[in-house]
Amino acid sequence: MSVVKITLPDGSSREYPLGVKGIEIAQSISEGLARNALSIEVNGEIWDLSRPIHSDSSIKIFTWNDKGGKYAFWHSSAHLFAEALEALYPGVKFGIGPPIDNGFYYDVDLADIPFGDEELIAVEKKMLELAKTNSQFVRRDVSKSEALEYFTKKGDPYKLELIDGLADGSITFYQQGNFVDLCRGPHISSTGPIKAIKLLSVAGAYWRGNEQNKMLKRIYGITFPKQKELEEYLHMLEEAKKRDHRKLGKELELFAFSEKVGMGLPLWLPKGTILRERLEQFMRRAQIRAGYEPVVTPHIGSKQLYITSGHYEKYGKDSFQPIKTPDESEEFLLKPMNCPHHCEIYKVKPRSYKDLPIRYAEFGTVYRYEQSGELHGLTRVRGFTQDDAHIFCRPDQVKEEFIKVIDLVLFVFRSLGFENYTAQVSLRDPENKAKYIGQDELWERAEREIQEAADERGLKTVAVKGEAAFYGPKLDFMVKDALGRSWQLGTIQVDYQLPQRFELEYIGSDNQKHTPVMIHRAPFGSLERFVAVLIEHCAGNFPLWLAPEQIAVLPISERFNDYGKKVLDILKERDIRGFLDERNEKIGRKIRDAEVNKVPFMLLVGEKEALENTVAVRKHGEGDKGVMDLNDFMATFSKDFALPS
RNA sequence: GCUGUUGUAGCUCAGGGGUAGAGCACUUCCUUGGUAAGGAAGAGGUCGAGGGUUCAAUUCCCUUCAACAGCUCCA
């Protein structure tokens with residue numbers, strides 16, 4: 001056979017000579033595509049454009065607009081970085097240098113060479129210089145012995161360790177210029193297209209992520225085909241920093257931390273508390289409509305409770321330690337989760353199959369001793385409030401209940417304008433079953449039912465092994481923060497284990513005892529994290545119903561403070577949150593301050609308004625909306641003041 | 001928890017071996033102004049904490065705490 005059949009993404013296929021290269025296919029399609037092509041997907045694998053294709057294949061040619069294209073570009077940039085670094089610092093040892101979502105990094109052992117901003121700039125310069133030589137990335141298959149010999153000679157222990165773990169026959173080298181790296185690829189054709197380079201930061205990272213190993217320097221960078229794109233990216237980073245919830249939380253006086261109170265223990269300021277309570281009201285109402293019953297449980301529970309649940313064994317040592325009492329036989333733990341308490345509520349009386357499902361909801365504040373280096377604003381704290389609920393149901397009700405919870409989560413996301421979320425099915429790590437409790441068949445059943453429920457609601461899911469909780473698989477909803485970091489928000493978890501451990505039961509229609517299934521769920525995840533992500537999502541410009549201060553009443557001069565007070569009183573009668581700016585300042589100044597504080601509406605009152613009983617409406621970010629009767633104003637926006645439903 | 005960086009007024013930051021400075025915010029006075037910063041005066045700090053070196057430390061050294069970045073972790 002001297003031809004291969006190549007199937008294109010549109011389903012059409014063409015024949016090419018055996019050993020055709022991606023770049024040749026691109027040229028045959030169009031000159032423009034060939035010019036922009038960076039890599040090619042061949043039967044689901046991403047290849048170099050210069051690698052010959054020897055069998056019938058489905059292909060897709062990637063450009064800068066595809067993730068696969070960017071990855072090849074950034075992977076090649078990592079090699080270019082290594083080449084430049086080696087040119088400037090001969091003898092440095094290299095770990096790994098992969099592409100990431102935004103750019104690339106390379107782990108290097110610089111021994112004791114100091115490496116700061118100046119060095120980063122010097123390496124950037126060298127990279128640009130080398131990129132201009134437009135050297136080809138050349139792929140070469142090497143035998144394991146040849147690979148070992150090369151890096152032994154070069155004296156790079158990290159690469160030797162990597163090669164050690166690879167099978168002979170699967171090892172490839174890539175070379176550009178004088179630099180040779182162990183690499184699976186793929187790469188772009190040559191260094192020329194790398195036109196704009198920025199090395200962003202240096203951080204420590206353990207070799208192979210193991211803290212027993214030596215710490216290497218991880219150098220992050222990003223590159224672009226055009227200088228303008230780099231500038232736009234850097235601008236975007238600046239903008240993202242302005243949305244950081246830690247910054248806005250301080251500026252808008254939403255929350256604070258105190259060294260004296262303790263790290264990771266947020267203090268909610270008055271404005272932040274309003275925001276948080278509005279979210280609670282919103283969720284309470286949605287839950288009551290969905291058939292949940294609110295419950296309240298204490299902040300501590302006896303150690304025995306957590307021995308029963310299995311949490312003590314799993315987390316006891318690495319958590320807040322037991323609280324003692326004068327009675328030495330007593331020990332209590334700060335509650336790290338609400339489920340055991342809710343199980344005990346279930347147990348207060350015998351249950352019939354007709355009672356199920358039972359749904360207990362609680363805004364439960366829990367405490368977890370997170371590692372100090374993990375704490376991060378409101379997204380990772382040591383004391384937080386979950387919008388928690390536990391659904392106790394029969395096995396035949398699991399899927400239906402799960403779907404109802406998905407609907408609730410999606411309602412919440414929709415109401416708050418979150419469109420960019422991903423759903424992750426978190427499964428057990430089949431290689432490490434000891435990490436989990438419970439029988440295999442229950443796990444398999446739960447994993448299957450989660451996937452089915454998600455599919456039924458048309459969720460796009462990614463299954464990730466090893467991400468399950470120790471008692472059951474989860475469906476996690478993830479969103480990204482302003483700086484592109486991914487956070488888990490809502491979570492839904494099926495649990496066959498806790499009901500057994502707590503010996504929960506119900507009497508079935510067969511008059512026999514059965515064990516119910518438990519579903520843990522928290523659409524917000526925690527109020528803390530949700531508020532953090534919400535702040536970044538809307539850059540502090542909260543929807544009207546959530547805004548801590550909805551309206552600023554701004555008298556033109558002190559002469560109209562009395563009328564302003566009257567307007568404010570009317571607003572307050574309608575439960576609208578507002579304040580009167582009585583300061584001896586000009587109107588321009590009052591407007592500026594209200595704008596900076598992101599107050600959604602400003603009502604200006606002066607001589608004309610006081611005489612006519614009206615207000616001059618100004619909307620945040622939009623400007624003057626004209627003079628209106630106060631009642632008309634409130635009627636026009638009444639829907640926006642109310643909880644969404 | 002590990003590695004690195006940082007810590008000066010309420011906030012944002014400058015400074016630097018001889019006991020501190022700016023802008024904004026704050027207070028008072030003048031001004032009563034119509035859609036993003038009116039003017040003047042004033043008050044405000046154990047320079048994160050503890051120890052050391054020194055005639056002298058906020059500045060140099062050590063320890064510690066916290067924040068930040070990354071790694072590891074996340075019921």
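So that the names make sense, note that chain A is the first sequence line, chain B the second, and so on, each numbered from 1. This one's a predicted model, so the numbers in the text were calculated from it and none came from an experiment. Heavy atoms only: backbone and side chains are in, while hydrogens, waters and symmetry mates are out.
Distances were taken from every side-chain heavy atom of A/M263 (C-beta onward) to each of B/rA75, B/rG33, B/rA66; the shortest belongs to B/rA66. When each of B/rC26, B/rA75, B/rC68 is scored by its nearest atom to the side-chain atoms of A/M337, the top-ranked nucleotide is B/rA75. Closest to the side chain of A/Y315, out of B/rG70, B/rG33, B/rA75, is B/rA75. Of the candidate nucleotides B/rA75, B/rU32, B/rC71, B/rU32 has the atom lying nearest to any side-chain atom of A/E558.
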(message) I'd like to compare against my own output: the B/S/- annotation of nucleotides 34-42 of chain B with a strict under-4.0 Å heavy-atom distance to protein.
(response) BBBBB----
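Within residues 383-390 of chain A, no residue has a heavy atom under 4.0 Å from RNA chain B.
Not a single donor-acceptor pair, N or O on each side, falls under 3.5 Å between the base of B/rC71 and the side chain of A/R218.
In summary, the side chains of A/Q424 and A/S426 do present a donor paired with an acceptor at a separation below 3.5 Å, with no hydrogens or angles considered. For the residue pair A/H520/A/D495, the side-chain donor-acceptor check at 3.5 Å is satisfied. With 3.5 Å as the limit, one finds a donor-acceptor pair spanning the side chains of A/Q493 and A/Y471.
Backbone-only engagement by A/Y220 is indicated by non-hydrogen atom pairs under 4.0 Å involving sugar-phosphate atoms exclusively. No contact: A/S201 has no heavy atom under 4.0 Å from any strand. Within 4.0 Å of A/M215, counting heavy atoms only, lies at least one base atom of the nucleic acid.
Looking at A/D107 and A/R218, a side-chain N of the basic residue comes within less than 4.0 Å of a carboxylate O on the acidic one, giving a salt bridge. Salt-bridge annotation for A/E595 and A/R618: present, with a side-chain N of the basic residue lying under 4.0 Å from a carboxylate O of the acidic one.
Close to B/rA69, at under 4.0 Å from its OP1 or OP2, lies a side-chain N or O of A/R246. Under 4.0 angstrom from either OP1 or OP2 of B/rC74 there lies no side-chain N or O belonging to A/R382.
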(request) Could you go through the side-chain contact (heavy atoms from CB on, under 4.5 Å) check for A/Y360 and A/F392 one step at a time? (result) CA-CA 8 Å; A/Y360 291 141; A/F392 301 90; 3.7 Å; yes
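Under the side-chain contact (heavy atoms from CB on, under 4.5 Å) criterion, A/N541 pairs with A/A539, A/K598, A/H620, not counting sequence neighbours. With sequence neighbours excluded, the residues satisfying side-chain contact (heavy atoms from CB on, under 4.5 Å) with A/L333 are A/Y306, A/Y312, A/P322. With sequence neighbours excluded, the residues that form a side-chain contact (heavy atoms from CB on, under 4.5 Å) with A/S526 are A/F384, A/E528, A/R529.
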Do any N or O atoms of the protein come closer than 3.5 Å to N or O atoms of nucleotides 44-46 of chain B, and which pairs are they?
none

Output side-chain donor-acceptor pairs under 3.5 Å for residues 548-562 of chain A, partner residues at least two apart or in another chain, one line each.
{"unit_1": "A/Q550", "atom_1": "OE1", "unit_2": "A/R577", "atom_2": "N", "d": "2.7"}
{"unit_1": "A/Q550", "atom_1": "NE2", "unit_2": "A/L544", "atom_2": "O", "d": "2.9"}
{"unit_1": "A/S557", "atom_1": "OG", "unit_2": "A/R559", "atom_2": "N", "d": "3.2"}

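Atom-to-atom, CG of A/L334 to C1' of B/rA75 comes out at 15 Å; the value is rounded to the nearest Å. Here the P atom of nucleotide B/rA67 and the CG atom of A/D244 are 14 Å apart, to the nearest Å. With rounding to whole Å, A/E259 atom CD is found 11 Å from B/rU64 atom C1'. In this structure, the CD atom of A/Q371 is 13 Å from the C1' atom of B/rG70, given to the nearest Å. Separating the CD atom of A/E251 from the P atom of B/rC13 is a distance of 11 Å, rounded to the nearest angstrom.
B/rG15 and B/rC73 are spaced 40 Å apart, taking the P atom of each and rounding to whole Å.
For the pair A/R382 and A/Y367, the cation-pi criterion (under 6.0 Å, within 45° of the ring axis) is not fulfilled.
Listed by first then second residue, pairs satisfying salt bridge (charged side-chain N to carboxylate O under 4.0 Å, His left out) with a partner in residues 301-310 of chain A read A/K303-A/E331, not counting sequence neighbours. Applying the salt bridge (charged side-chain N to carboxylate O under 4.0 Å, His left out) definition to pairs two or more places apart or across chains, none involves residues 600-611 of chain A. Listed by first and then second residue, the salt bridge (charged side-chain N to carboxylate O under 4.0 Å, His left out) pairs involving residues 365-379 of chain A are A/E370-A/R380, A/E374-A/R380 (not counting sequence neighbours). Pairs engaging residues 580-615 of chain A under the ring pair (Phe, Tyr, Trp, His ring centres under 6.0 Å) rule: A/F601-A/F633, A/F601-A/F637 [sequence neighbours left out].
Counting only Watson-Crick or G-U wobble pairs whose defining distances are both under 3.5 Å, the stems of 3 or more consecutive pairs in RNA chain B are B:1-7 with B:65-71, B:10-13 with B:21-24, B:26-30 with B:38-42, B:48-52 with B:60-64.
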